[in-house]
Amino acid sequence: QTCALPISNRVKLMRDAFVKTLLIEAKKDPNIILITGDLGFGVLEEFQRELPNQFINSGVNEQTMMGMAAGIASTGKRVFVYSIANFPTLRCIEQIRNDVSLMNNPVVIVSVGAGYSYGSQGYTHHALEDIAILRALPNIQVLVPADPFETQEITKLLVQSNKPSYFRLGKSNEEIIHQTAPRIENRKFIKIRTGKDGSILATGSVLKLALQAAELLAKSGSEVNVYSVPFVSNLDLEELNKISFDTDQLIRSLCQKFTQEQKMELLEVMPTDDFYSSGIFMALVGNTNDLVVDAIRNSRLKRLQIGRAHV
């Protein structure tokens, strides 16, 4: 079943989709609490104005904010903590580990500005290690939507869940991939494009690169599946294995471990160690659709025959 965004189809911001969806749900459930670390100006005012008793601005003190969130959550509330990129993650990782993860408190950590979204702010605002670090903690589920529609639907799932969670969002002008809100099931992949020569699995805003790469490959006669993978901490390995056997090659553009299978080759599409705004930074470190295409073409798998035609 699909539904429209609670906002106009013109919305290009994951964070707006999240806040507007959360506001709708919070009006129905007084146990939903939103805490911000003195951020979200121009985004959170409507929530604060309409639900002042469910909104807290903790100030610039991320460690205290996370401990506060865990304490409130332990009383039966569903707490969402909102801040920029690495501030609600790296800056307070000890509190996340001790108060949220190990105590299994139902806190949702919402980071805005994934990857190089805040590129011009410098490396202090880049979020490159957050997925790896949060995935290493017990009990926490990591969710990374690819567009505002996925953001909307996952927000609804998080409201109903009682698990500690990390919700990683983009920042600005994200491309809308889906025409309507997709059906999202726990741990399942979302098929965006169908092909027979291979599969590209992508998570978050880099899904658009995967789709661009698929278009380039199609021009040279190779059709690949493209999947969005919003659940990156607890994959459905049965579905993953099925994908690998349905096609001859599996490409991933998310950094995480997959079970190795004979017919599966995992090709990394990762940034370098250099620190450089958004699209420019992605290109400078080599994370482009051309890199995905090259990864497929240079694969050691002989089963997939892809020519060297210029595309």
Side-chain angles (χ1 to χ4, degrees), residues 13-15 18-19 22 33-44 47-48 55-74 77-145 151 155 158 163-172 203-205 232-233 254-256 270-271 273-278 281 285:
L13 303 178
M14 289 188 194
R15 62 186 182 186
F18 160 70
V19 173
L22 187 68
I33 306 296
L34 176 61
I35 303 178
T36 179
D38 205 32
L39 292 168
F41 301 105
V43 180
L44 302 182
F47 192 106
Q48 180 181 18
F55 179 85
I56 299 172
N57 184 346
S58 71
V60 184
N61 51 6
E62 288 82 4
Q63 294 93 335
T64 300
M65 175 179 68
M66 198 59 63
M68 180 193 306
I72 295 173
S74 71
K77 306 291 186 181
R78 185 57 164 159
V79 183
F80 290 77
V81 177
Y82 179 100
S83 190
I84 289 178
N86 51 347
F87 296 161
T89 53
L90 303 186
R91 188 166 177 80
C92 52
I93 189 63
E94 181 180 4
Q95 286 71 29
I96 294 173
R97 175 184 179 271
N98 295 344
D99 301 339
V100 177
S101 168
L102 297 178
M103 296 299 291
N104 205 23
N105 279 314
V107 174
V108 180
I109 303 159
V110 183
S111 77
V112 179
Y116 292 112
S117 296
Y118 281 95
S120 61
Q121 299 295 316
Y123 63 84
T124 58
H125 285 57
H126 296 168
L128 304 178
E129 313 88 354
D130 50 330
I131 291 179
I133 292 172
L134 271 295
R135 283 185 66 248
L137 299 179
N139 299 319
I140 292 184
Q141 60 177 348
V142 178
L143 305 103
V144 187
T151 301
T155 300
L158 287 170
K163 294 181 180 179
S165 305
Y166 176 48
F167 196 24
R168 188 181 195 253
L169 307 179
K171 169 183 173 281
S172 59
T203 188
S205 59
V232 301
S233 57
L254 63 160
C255 306
Q256 73 166 67
M270 299 173 62
D273 289 334
D274 298 316
F275 293 101
Y276 297 101
S277 157
S278 192
F281 279 69
V285 300

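Numbering starts at 1 and runs along the sequence shown.
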Worksheet item: Shortest non-hydrogen contact from Ser165 to Gln141?
Response: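 Heavy atoms only, the tightest pair is OG-NE2, 2.8 Å.
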Pairwise distance [atom1]([X]) to [atom2]([Y]) - rounded to 0.5 angstrom:
| X | Y | atom1 | atom2 | result |
| --- | --- | --- | --- | --- |
| Ile84 | Arg15 | CD1 | CZ | 8.0 Å |
| Leu143 | Ile131 | CG | CD1 | 10.5 Å |
| Phe47 | Phe80 | CZ | CZ | 9.0 Å |
| Asn57 | Thr36 | CG | OG1 | 5.5 Å |
| Thr89 | Glu129 | OG1 | CD | 8.5 Å |
| Leu169 | Met14 | CG | CE | 7.0 Å |

May I have the list of side-chain donor-acceptor pairs in residues 92-111 shorter than 3.5 Å, sequence neighbours left out?
residue: Ser101; atom: OG; partner: Pro138; partner atom: O; Å: 2.6
residue: Asn105; atom: ND2; partner: Asp99; partner atom: O; Å: 2.8
residue: Ser111; atom: OG; partner: Tyr166; partner atom: OH; Å: 2.7

Practice prompt. For Ser83, check side chain to side chain donor-acceptor pair (under 3.5 Å) against everything at least two apart and list the hits.
Written response: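 By the side chain to side chain donor-acceptor pair (under 3.5 Å) rule, Ser83 matches no residue at all.
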Worksheet entry | For Asn61, all residues meeting side chain to side chain donor-acceptor pair (under 3.5 Å), sequence neighbours excluded |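 Asn61 satisfies side chain to side chain donor-acceptor pair (under 3.5 Å) with Ser58 only.
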Worksheet item: Who passes ring-ring contact (aromatic ring centres under 6.0 Å, His included) against Phe87, sequence neighbours left out?
Response: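 Testing Phe87 for ring-ring contact (aromatic ring centres under 6.0 Å, His included), a comparison that skips the adjacent residues, returns His125.
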Fill in: Contacts of Arg91 that satisfy salt bridge (Lys or Arg N to Asp or Glu O under 4.0 Å) - sequence neighbours left out
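Here the qualifying residues are Glu62.
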Practice prompt. Measure the shortest side-chain to side-chain distance between Val142 and Arg168 over non-hydrogen atoms and say whether it is less than 4.5 angstrom.
Written response: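 Not in contact.
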Worksheet item: Do the side chains of Asn86 and Asp130 get nearer than 4.5 Å, heavy atoms only?
Response: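 Side chain of Asp130 against side chain of Asn86, heavy atoms only: no contact under 4.5 Å found.
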Worksheet entry | Parallel, tilted or perpendicular, as decided by the 30° and 60° cut-offs, for the rings of Phe167 and Phe18 |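 If you compare the ring of Phe18 with that of Phe167, the planes turn out perpendicular.
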Worksheet item: Between the side chain of Arg135 and the main-chain N/O of Val232, is any donor-acceptor distance below 3.5 Å?
Response: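 A pair under 3.5 Å: yes.
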Worksheet item: Considering residues at least two apart in sequence or located in another chain, which fulfil the side-chain contact (heavy atoms from CB on, under 4.5 Å) criterion with Ile33?
Response: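 Ile35, Gln54, Ile56, Ile72, Lys77, Val79.
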